[in-house]
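For reference, the structure discussed in these notes is given below.
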Amino acid sequence: MVLNPVLGKLVSKRVVLASASPRRQEILTNVGLRFEVVPSWFKETLEKSSFAAPYEYAVETAKQKALEVANRMHVKHLRTPDVVIGADTIVTVDEQILEKPVDKQDAYRMLSRLNGKEHSVFTGVAIIHCSSKDNQLETEVTDFYEETKVKFSDLSEELLWEYIHSGEPMDKAGGYGIQALGGMLVEYVHGDFLNVVGFPLNHFCKKLAELYYPPSKHNVQHKKYDSIPSVDTFENLSDGESESSNFTEHKGASKLDSSGMCSSEAIYNSENSSSVTTALMVPLENQNGVSESAAKLPSKILELMDGFRASKALFVASKLKIFDHLKDKGPLKAVDIADEVGTSVCGTERLLDACAGLGLLEKTTQGYSNTDSTNTYLTSDGEYSLHGYVIHSNDHLWPLFTNLESAVKEGTRQNHRAFGKKAEDLFKDYYHSQEVKQRFMAAMHSIAHLTARDVATAFDLSRFRSACDLGGCTGALAHELVQIYPNLKVTVFDLPEVIANTSYFQPSGQHTAQVTFVSGDFFKDNLPEADLYILSRVLHDWPDEKIHVLLSKVSAVCKPGCGILLAEMVLDDEKKNRSTALLQSLNMLVQTEGKERSGSEYQALLEQHGFTNVKIRMRGNLLDAILCVKT
Ligand SMILES: Cc1cn([C@H]2C[C@H](O)[C@@H](COP(=O)(O)OP(=O)(O)OP(=O)(O)O)O2)c(=O)[nH]c1=O
């Protein structure tokens with residue numbers, strides 16, 4: 001792929017994105033960049049009036065965000081990164097800089113200022129190349145900015161408030177998200193759309209080309225280079241012959257979103273997807289009077305109707321360990337894979353083709369091979385393996401969801417229908433056999449490991465000296481916390497059946513001694529002493545009555561100044577915007593007495609037990625974080 005040489009220069013480097021913004025992560029993941037996310041703790045408090053132009057403020061903030069991460073990673077003896085990328089997006093109107101609103105009134109103030117007007121969105125970006133000399137961090141900074149003009153329509157007060165109540169404005173510069181509901185407010189955009197969303201990808205690639213391929217006499221004169229583009233020809237890479245093939249490949253790559261899951265738009269836009277695609281695309285050109293929106297509606301519905309097929313294809317390929325075989329031995333032909341896993345050739349070929357169509361595998365004349373994302377997330381020993389959760393989804397959640405209709409009619413969990421036994425106690429049910437227990441722990445471990453960094457860095461927790469992770473299972477979050485906060489000691493508290501089986505999941509390396517395991521039942525037994533109590537994916541298992549029992553126990557042992565860190569998928573107040581979280585709430589219905597809750601609901605529960613100063617950090621990925629303090 002012709003674009004590869006630009007981003008390909010970063011492949012062998014340890015690249016860190018110093019940003020918590022899920023949009024930035026998605027933009028860079030979608031173009032195949034491999035990077036770690038370490039959100040910056042730099043507070044966006046530079047004196048705005050000291051900058052001659054607003055973009056200078058954005059560039060300096062981006063630089064400080066990236067430098068803070070580079071320094072922290074170097075000082076805390078984590079391996080010094082090679083490249084740290086920082087970004088800062090601001091909106092400017094009437095020479096005023098608007099950042100993220102602090103509350104709904106602030107969002108209203110911002111949106112009112114933008115109402116009916118053209119404004120500018122600036123993103124400043126800093127690319128920091130790091131090296132370590134005599135244990136000192138050395139940095140080379142490259143920075144730039146991009147401006148995009150956006151015009152809002154004339155909007156009614158009612159519409160503005162409806163938009164504000166959706167919850168969308170809160171983590172976005174200027175109080176709107178052009179990529180989602182906020183797109184409805186916008187009359188036109190002049191410039192790079194992705195710049196508004198938080199990352200000017202095109203300008204970034206040009207900068208990389210400038211850095212890694214400075215223009216030489218030779219390449220300025222010639223338009224075609226084997227694989228080395230020069231800066232001023234970067235746009236030309238999409239010229240002529242290469243355009244169509246690159247575009248196809250690029251779209252193929254974007255079939256996987258940042259979580260490695262299939263994105264619906266990509267399925268239905270991709271040339272090589274199922275026959276459903278053709279049926280959907282053709283009427284747009286062939287039938288008179290079929291409006292674009294009328295044609296889009298069935299594609300969404302068809303995608304939902306087909307969702308279970310895609311899930312099951314993924315589950316079966318995982319159960320058969322096809323991704324593991326391909327990681328070790330790929331590319332392989334269907335016949336060889338069928339031979340390895342003991343399945344029929346014709347069935348295996350169809351499954352492999354389906355997986356390739358879904359973007360999980362690549363199919364070439366040599367056979368099938370894993371994509372990078374599949375190697376990372378779907379093989380059982382991948383760096384962020386979700387294999388355990390995929391198997392749990394197939395063996396445990398699938399039978400429960402088969403009984404969703406009964407769950408909705410009765411309003412209760414369905415363990416008895418799915419597994420033929422009454423689940424008085426959720427966890428006893430999970431642990432009735434060694435096999436089920438290990439499958440459940442592997443599933444919980446895979447999600448905890450994947451989300452640990454996001455949760456651990458959602459807030460600056462460096463003031464806490466001891467933490468207790470209640471229901472902390474294999475200790476995946478605990479181990480991440482002690483890496484990031486070397487002065488922290490974490491006790492993982494969980495049922496004896498869990499603690500007895502944690503050894504398999506323990507990492508080796510620095511700081512592991514700071515994690516200890518204590519067995520007990522947090523509803524019945526005394527809780528270990530700590531400055532910070534962590535409840536990650538615990539409260540959503542329980543109804544309010546049980547949560548009150550648990551929070552009153554935590555409150556009783558918490559001294560003033562001590563805190564609680566919750567990690568859950570947080571719903572918006574009106575419970576209408578985040579389908580992943582809303583589906584997760586259905587998931588809790590079929591198997592527990594719990595549910596997902598909104599930020600206000602968590603706040604109310606916490607405040608009843610003396611926890612105040614409730615701060616919510618929406619991460620937009622699998623888990624959001626809430627921090628509060630005992631007063
Ligand atoms: C205007 C606009 C902004 N945004 C987002 C992009 C940025 O994430 C955010 C601006 O805040 P930033 O401070 O630039 O970024 P952040 O706080 O999300 O993440 P970090 O500081 O860790 O890098 O607003 C949209 O998603 N859509 C939009 O239309």
Side-chain angles (χ1 to χ4, degrees), residues 10-11 13-17 19-22 24-39 73 78-79 81 253 255-263 311 314-315 317-319 321-324 326-328 355 358-361 369-394 438-458 472-484 502 504-509 512 536-537 567 569 580 584 619-625:
L10 296 177
V11 162
K13 299 189 192 304
R14 188 182 190 203
V15 180
V16 170
L17 176 64
S19 173
S21 164
R24 292 191 182 120
Q25 293 167 27
E26 195 176 339
I27 290 167
L28 290 170
T29 305
N30 280 346
V31 290
L33 189 68
R34 300 278 300 270
F35 56 90
E36 281 168 54
V37 176
V38 181
M73 293 186 77
L78 300 169
R79 200 157 58 84
K255 277 181 197 166
L256 290 182
D257 69 16
S258 56
S259 61
M261 298 298 159
C262 221
S263 95
S311 302
L314 164 63
F315 295 168
S318 295
K319 280 214 90 161
K321 300 217 161 170
I322 285 178
F323 304 127
D324 285 349
L326 287 175
K327 185 178 186 182
D328 295 340
C355 289
L358 291 167
L360 302 173
L361 296 178
S369 46
N370 289 345
T371 62
D372 286 349
S373 200
T374 296
N375 276 333
T376 309
Y377 298 111
L378 292 176
T379 53
S380 42
D381 62 351
E383 192 185 353
Y384 288 101
S385 175
L386 284 167
H387 182 78
Y389 201 83
V390 172
I391 300 303
H392 173 70
S393 300
N394 184 68
Q438 268 166 3
R439 191 185 69 208
F440 177 68
M441 287 181 68
M444 295 307 112
H445 180 80
S446 63
I447 294 288
H449 182 53
L450 183 72
T451 54
R453 187 159 281 255
D454 249 12
V455 173
T457 58
C473 200
T474 62
L477 175 58
H479 283 294
E480 189 70 36
L481 282 163
V482 297
Q483 290 294 328
I484 295 169
T502 52
Y504 170 77
F505 298 95
Q506 298 315 298
S508 52
T512 47
S536 178
R537 287 164 58 95
M569 271 191 192
T580 340
Q584 175 74 352
R619 306 299 264 174
N621 290 329
L622 284 175
L623 285 181
D624 306 304

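- At least one side-chain heavy atom of Glu26 sits less than 4.5 Å from a side-chain heavy atom of Asn30.
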For this session: Apply side-chain contact (heavy atoms from CB on, under 4.5 Å) to Leu10 and Arg34, showing your working.
Result: CA-CA 8 Å; Leu10 296 177; Arg34 300 278 300 270; over 6 Å; no
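- The closest side-chain heavy-atom distance from Leu314 to Cys355 is not below 4.5 Å.
- Note: Glu383 CD to Glu36 CD = 7.5 Å, rounded to the nearest 0.5 Å.
- Distance check, rounded to the nearest 0.5 Å: CG of Leu361 to CZ of Phe323 gives 5.5 Å.
- Counting only distance, with no hydrogens or angles, the side chain of Gln506 and the backbone of Thr502 share a donor-acceptor pair below 3.5 Å.
- Counting all heavy atoms, side chain and backbone alike, Leu386 lies closest to Ser446 at CA-CB, 3.9 Å.
- The shortest heavy-atom contact between Val37 and Ser19 is CG1-O, 3.2 Å.
- Within a 6.0 Å radius of NZ in Lys327, other residues, nucleotides and ligands contribute more than 12 heavy atoms.
- The line from NE2 of His449 to OG1 of Thr474 is 9.5 Å long, rounded to the nearest 0.5 Å.
- Side-chain contact check for Leu622 versus Leu450: some heavy-atom pair is nearer than 4.5 Å.
- The closest side-chain heavy-atom distance from Tyr389 to Met444 is below 4.5 Å.
- The closest side-chain heavy-atom distance from Leu326 to Ser369 is not below 4.5 Å.
- Between Leu477 atom CG and Ser536 atom OG the span is 5.5 Å, to the nearest 0.5 Å.
- Here the side chains of Lys319 and Ile391 are in contact, with some heavy-atom distance below 4.5 Å.
- Glu480 and Ala456 make their closest contact through CG-CB, 4.2 Å (heavy atoms, listed as atom of the first residue, atom of the second, distance).
- Under the 3.5 Å distance criterion, the side-chain polar atoms of Thr371 are matched with a main-chain donor or acceptor of Thr374.
- In plain terms, the two heavy atoms of Pro507 and Thr512 that are nearest each other are O-CG2, 3.6 Å.
- Taking the side chain as every heavy atom from C-beta outward, Ser385 and Thr379 never approach each other to under 4.5 Å.
- Residues Cys473 and His445 fail the side-chain proximity criterion, which asks for heavy atoms closer than 4.5 Å.
- Atom CG of Leu17 and atom CZ of Arg24 lie 7.5 Å apart (nearest 0.5 Å).
- Asp324 places a side-chain N or O within donor-acceptor distance of the main-chain N or O of Ser380, the cut-off being under 3.5 Å.
- The shortest heavy-atom contact between Gln25 and Phe35 is O-CZ, 3.5 Å.
- Between Tyr384 and Tyr377, the angle of the ring planes lies from 30° to 60°, which puts this pair in the tilted group.
- To the nearest 0.5 Å, the span separating NE2 on His392 from CZ on Arg439 amounts to 7.5 Å.
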